[in-house]
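Since the structure comes first, as structure tokens, the remarks are kept for the end.
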Amino acid sequence: MLDATHEEWLRRAKSLDPPGAHHIDGADEPGGGGAFAVVSPRDGQVLAQVADGGAAEVDAAVAAARRAFDAGPWPRLAPVERGRVLLRLADLLEERRAELALTVSLEMGKPITDAYDIELRAAITTFRWYGQLADKLTDESPHSAPDALALVTREPTGVVGAVVPWNFPLTLASWKIAPALAAGCTVVLKPSENSPLSALLLGRLATEAGLPPGVLNVVNGYGPVAGRALGLHPDVDVLAFTGSTAVGRHFLHYAADSNLKRVWLELGGKSPNIVLPDAPDLERAAATAAWGIFFNQGEMCTAPSRLLVHSSVAERVTEAVIRRARELRVGDPLDPATEMGALVGEAHLGRVLDHIGTGRDEGARLRTGGERVNAESGGTYLAPTVFDRVEPGMRLAREEIFGPVLSVLAFDDLDEAVRLANATEYGLAAGLWTSDLSTAHRVSRALKAGTVWVNCYEEGDLTVPFGGMKQSGNGRDKSVHALEKYTELKTTWIQL
């Protein structure tokens, strides 16, 4: 469907019939909490009425997951059998790829090309990768005393609550669900109220793939109600969350106030992207900086929102970024030619515009963008925005904006660049552009970030872990290391 035209996607959108019920214990469940509207940021139109979950629906989903873990077949299946189910799910996602991409594009504003080629590719690859990994894990038998046998085994933790945001609704859900299922856990997924439709389709497809009832449950609802109920639930053993740092703090409180469940957090970011004068290609560095901040409408925790440029090349690099910003095609997410779609909703657009207004008030120079566009569509579109003359103490340089807003800060030497890069409460990601191998190693080690990209940005695959330092969270998604979140180490000492 990548070769489908704008008209073809519009036609498909008219016939889309997304699910609205919760998916609990292997079946659709309307619940008793009423419904809420899912509004498309593309045009402000209602996509669907979705069941609104609360404590009762969360209780039902957790009870189903608990039964499936304590007495069901899933944790007791041979790992290779669990892997086969995950591989079937990956195949089903591939078969329904166009429908899922369309759903993601409509519910959160992502360009259809990105939804199909990036979002769905990531989700499919994740389930396939963990499906293939499921039977490759081995236990340990340390060398012990000659009259004893020591075994160290990894066992599934139990019921996992997963709460995911709207910006990558399937990618981030798969990063949590796939390793949890591969380990033998059962899952209750609470998607964002802005993007529940693709998650509900995922729940249905998981059941179709052969997951036993209760192994994957999807409950709609708002964070302060359904999310809170999941965080406080005494039968949830692990809570995995991606979202804001402020909400992450709530989940830590919920764990303390309930059963001390393990809480794994992937939170906000204010990622620096450092360009040194000896960058191998300044034009490519600028183009990548522009792509990084404007991709997905800037709605990414890893977005390189602080461009730190050496003063000797700052204007050249900034001008190149501005040219690219002005060339970007902002428009209908269902148009394959669109490069930047709509922000997720009116409230979020308002928050981003507030940051832009504050930037002007504080004295930063607005070089391009800064205003709402395409308002006649009814959607929530913002022009790609670049500020320079940003000072470290300004709100633009300190707070996560989560939109297509770039702050350019100049520096005079490498030590200053590292100080500026680390002068944030966040530590999720960073970029560095240099031709000097020693500089690349030294600066990468000095940067307080979970991921450092050198002469690139947002590159990687499932083999490498992803997560943050400082107030960007703890634990890791992706790679073998993700299984550490969903397993417990058990030591068995046998005296011979």
Side-chain angles (χ1 to χ4, degrees), residues 86 89-90 93 118-134 136-137 154 156-157 160-185 187-192 195 198-199 202 206 216 227 230 236-245 247-248 251-252 261-269 271 296 299-303 400 402 426-430 449-453 457-488:
L86 296 182
L89 177 53
L93 291 173
I118 298 176
E119 177 94 16
L120 265 297
R121 180 183 62 194
I124 293 164
T125 301
T126 300
F127 281 105
R128 197 160 278 151
W129 197 85
Y130 284 102
Q132 294 168 340
L133 178 69
K136 310 298 189 299
L137 305 172
R154 281 199 174 272
T157 51
V160 174
V163 181
V164 297
W166 43 262
N167 58 327
F168 288 91
L170 287 179
T171 299
L172 297 177
S174 68
W175 282 4
K176 290 169 175 38
I177 294 169
L181 295 180
C185 295
V187 179
V188 178
L189 172 67
K190 207 295 284 183
S192 167
S195 59
S198 55
L202 174 62
L216 176 59
L230 197 57
V236 173
D237 301 297
V238 175
L239 195 292
F241 171 72
T242 293
S244 72
T245 300
V247 176
F251 280 107
L252 291 174
K261 60 177 64 64
R262 279 197 282 166
V263 177
W264 299 106
L265 303 171
E266 193 265 280
L267 305 175
S271 300
N296 209 54
E299 296 166 325
M300 299 203 313
C301 48
T302 55
E400 183 178 39
F402 220 66
Y426 299 110
L428 189 58
T451 299
V452 179
W453 287 288
Y457 208 88
E458 289 290 349
E459 298 293 339
D461 57 25
L462 264 296
T463 64
V464 293
F466 174 79
M469 299 179 180
K470 299 194 284 187
Q471 292 188 38
S472 286
N474 55 36
R476 294 297 181 263
D477 289 323
K478 299 172 54 189
S479 81
V480 176
H481 296 284
L483 293 164
E484 295 166 10
K485 301 196 295 188
Y486 308 112
T487 54
E488 296 280 9

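Contact annotation: the side chain of Ser244 never approaches that of Phe402 to less than 4.5 Å [non-hydrogen atoms, C-beta and beyond]. The shortest side-chain heavy-atom distance between Phe241 and Leu267 falls under the 4.5 Å cut-off. Between Leu93 and Leu170, the closest side-chain pair of non-hydrogen atoms is not below 4.5 Å.
Applying the side-chain hydrogen bond (donor to acceptor under 3.5 Å, both in side chains) test to every pair with at least one member in residues 470-480, sequence neighbours left out, gives these pairs: Lys176-Asp477, Arg249-Gln471, Asp477-Lys485. Among residues at least two apart or in separate chains, there is no salt bridge (Lys or Arg N to Asp or Glu O under 4.0 Å) pair with a member in residues 458-467.
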Step by step, work out the side-chain contact (heavy atoms from CB on, under 4.5 Å) result for Thr126 and Leu462.
-> CA-CA 7 Å; Thr126 300; Leu462 264 296; 4.0 Å; yes
What do the steps show when you test Ile177 against Leu202 for side-chain contact (heavy atoms from CB on, under 4.5 Å), and what is the final call?
-> CA-CA 11 Å; Ile177 294 169; Leu202 174 62; 3.9 Å; yes
Please test Val188 against Val236 for side-chain contact (heavy atoms from CB on, under 4.5 Å), starting from the C-alpha separation and ending with a verdict.
-> CA-CA 9 Å; Val188 178; Val236 173; 5.9 Å; no
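Residues Trp175 and Phe168 place their aromatic rings such that the two centres sit no closer than 6.0 Å.
Between Leu265 atom CG and Thr245 atom OG1 the span is 8.5 Å, to the nearest 0.5 Å. Taking OG1 of Thr157 as the reference point, atom CG of Leu483 lies at 10.5 Å (rounded to 0.5 Å). We find the OG1-CG distance between Thr487 and Leu137 to be 8.5 Å, quoted to the nearest 0.5 Å. For the atom pair SG (Cys185) and CG (Leu216), the distance works out to 12.5 Å, reported to the nearest 0.5 Å. A distance of 5.5 Å separates CG in Leu86 from CG in Leu181, rounded to the nearest 0.5 Å. Separation of atoms CG (Asn167) and CG (Leu172) is listed at 5.5 Å; rounding is to 0.5 Å.
Residues Glu119 and Thr171 share a closest heavy-atom pair of OE2-N, 3.0 Å. In this structure, Ala303 and Tyr457 approach most closely via the heavy-atom pair C-OH, 4.1 Å. In plain terms, the two heavy atoms of Ser192 and Trp166 that are nearest each other are OG-CD1, 3.4 Å. The two residues Val160 and Ala180 come nearest to each other via the heavy atoms CG2-CB, 4.3 Å. Between Trp264 and Gly475, the closest heavy-atom pair is CE3-CA, 3.5 Å. Across every non-hydrogen atom of Phe251 and Gly227, the tightest pair is CE2-O, 3.5 Å.
Annotation: salt bridge (charged side-chain N to carboxylate O under 4.0 Å, His left out) contacts of Arg262 (sequence neighbours excluded): Glu488.
Distance alone, capped at 3.5 Å, places no donor-acceptor pair between the Glu266 side chain and the Gly468 backbone.
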